[in-house]
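So the structure is just underneath, and the comments pick up after that.
Only heavy atoms go into these numbers, but all of them, side chains included; no hydrogens, no water, no symmetry mates. Quick caveat, the model's predicted, so the values are computed rather than measured.
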Amino acid sequence: MMDANKMLVTEFVLTGLTERPGLQAPLFLVFLLTYLTTMVGNLGLAALIWKDARLHSPMYLFLGSLAFADACSSSSVTPRMLTTFLFKNHMISLVGCITQFYTFASSANTECFLLVVMAYDRYVAICNPLLYPAVMSNIFCIQLLVVSYIIGFLHPMMHVGLLFRLTFCKSNVIHYFYCEILQLFKISCTDPRVNMLLIFIFSVFIQSFTFLTIIVSYMRVLFAILKKKSAKGRSKAFSTCSAHLLSVSLFYGTLFLMYVRPGSGPAEDQDKMYSLFYTVIIPLINPFIYSLRNKEVIGALRRIISK
């Protein structure tokens with residue numbers, strides 16, 4: 001009888017960001033505006049880079065790919081969250097739930113490696129400017145992008161495969177605004193310790209490896225900048241790298257707090273804030289972090305508008 005009951009739970013209820021009725025309409029408007037701004041910012045930046053020939057360089061190729069990954073990341077979570085504000089039916093199928101997790105996880109993993117690629121690009125450009133055209137050739141840049149996307153899309157498949165070994169009979173209510181994998185473990189009636197161990201191991205490895213690689217690259221860049229005699233050159237290099245480091249700090253800070261921090265308890269509101277930050281806020285602010293202080297992007301936007 002228990003085995004039969006386990007198989008019955010094939011749909012889940014997402015409670016959403018909050019269950020307070022008075023906040024549903026205001027939050028819907030806030031997150032709808034946020035999502036539209038995110039899409040316009042990221043897809044607009046990607047389109048601008050594709051349209052303007054002056055931005056056809058490795059740095060902007062990677063930046064456009066990052067913008068696309070951010071758009072996918074936000075689209076995997078926010079539209080579903082918006083429906084929970086409007087409708088009383090918060091049901092999502094098991095397949096839909098796992099698909100949502102996979103879409104977000106693949107986008108987030110891809111972003112980790114794209115940030116590494118961008119850091120390496122800045123390292124070569126600033127520390128070895130004479131070798132930059134030879135090192136960052138078109139073929140090599142495409143190879144870096146392909147590897148980033150392949151790793152990003154393959155890694156979550158392992159966790160998806162392990163999710164299918166779980167059965168759900170304790171509850172079908174997920175007290176969250178999207179199908180976050182740790183929340184699925186909480187309502188599993190199969191022991192999820194193997195899944196949790198692999199999540200922890202791969203999170204530590206991937207996040208630590210990519211984060212340390214980025215930090216080492218920018219440390220080398222910082223030392224190279226300080227040696228520059230030109231104040232204008234130092235200012236331009238600092239401006240570019242500071243934007244990258246701000247994005248990296250925000251992204252990795254919340255990921256570490258969510259998946260790597262030791263002894264994380266059932267602080268659901270706190271976890272929701274961490275998740276909200278890297279699923280909604282970071283994709284929103286990334287295109288502005290990278291473009292507002294970038295004279296080349298601003299110049300390309302002005303040329304497009306003037307036409």
- prompt: Where do Leu276 and Leu17 land on the side-chain contact (heavy atoms from CB on, under 4.5 Å) test, with the steps shown first?
  reply: CA-CA 9 Å; Leu276 193 65; Leu17 195 61; 4.3 Å; yes
query: Below 4.5 Å, heavy atoms only, C-beta onward: do Leu162 and Leu198 meet side chain to side chain?
result: yes
query: By side chain to side chain contact (heavy atoms under 4.5 Å, CB included), which residues pair with Val40, not counting sequence neighbours?
result: none
field: Aromatic ring proximity Phe104/Tyr178, centre distance under 6.0 Å
entry: yes
- request: Let me see the working for Lys186 and His175 under side-chain contact (heavy atoms from CB on, under 4.5 Å), right down to the final yes or no.
  value: CA-CA 10 Å; Lys186 290 180 181 180; His175 296 280; over 6 Å; no
- request: Please tell me if the side chains of Thr15 and Ile174 come closer than 4.5 Å, counting only heavy atoms from C-beta onward.
  value: no
query: Hey, does His90 have a side-chain heavy atom less than 4.5 Å from the side chain of Phe12?
result: no
field: Criterion side chain to side chain donor-acceptor pair (under 3.5 Å) on Thr279 and Ser275, from CA distance to verdict
entry: CA-CA 6 Å; Thr279 58; Ser275 296; over 6 Å; no
message: Closer than 3.5 angstrom, by distance alone: can the side chain of Gln24 be matched with the main-chain N or O of Thr18 as a donor-acceptor pair?
response: yes
message: Apply side-chain contact (heavy atoms from CB on, under 4.5 Å) to residues Leu66 and Tyr290 and explain how you reach the verdict.
response: CA-CA 10 Å; Leu66 181 70; Tyr290 285 107; 3.5 Å; yes
query: Mind checking whether Phe85 and Phe31 have parallel, tilted or perpendicular rings, split at 30° and 60°?
result: parallel
- prompt: Run the side-chain contact (heavy atoms from CB on, under 4.5 Å) check on Val248 and Met118 step by step: do they pass?
  reply: CA-CA 11 Å; Val248 167; Met118 292 174 70; over 6 Å; no
message: Keeping Ser65 on the side-chain end and Leu61 on the backbone end, is there a donor-acceptor pair under 3.5 Å?
response: yes
- request: For this output row, return yes or no: ring centroids of Tyr218 and Tyr123 closer than 6.0 angstrom.
  value: no
query: Counting only N and O atoms by type, is there a donor-acceptor contact under 3.5 Å from the side chain of Asn42 to the main-chain atoms of Pro283?
result: yes
- prompt: Taking the side chain from His155 and the backbone from Asn109, do they hold a donor-acceptor pair closer than 3.5 Å?
  reply: no
- prompt: Taking it one step at a time, do Thr167 and Thr190 satisfy side chain to side chain donor-acceptor pair (under 3.5 Å)?
  reply: CA-CA 6 Å; Thr167 50; Thr190 307; 2.6 Å; yes
- prompt: If you round to the nearest 0.5 Å, how far is CZ of Phe211 from SG of Cys112?
  reply: 11.0 Å
- prompt: Between Ser137 (side chain) and Pro133 (backbone), is there a donor-acceptor pair under 3.5 Å?
  reply: no
Ser73 side-chain N/O to Ala69 backbone N/O, donor-acceptor pair under 3.5 Å: no
message: Pair Tyr35, Ser75 - check side chain to side chain donor-acceptor pair (under 3.5 Å), show working.
response: CA-CA 8 Å; Tyr35 180 64; Ser75 295; 2.9 Å; yes
query: Are Asp52 and Tyr60 close enough, and set up right, to give a side chain to side chain donor-acceptor pair (under 3.5 Å), and what steps lead you there?
result: CA-CA 11 Å; Asp52 195 300; Tyr60 294 107; over 6 Å; no
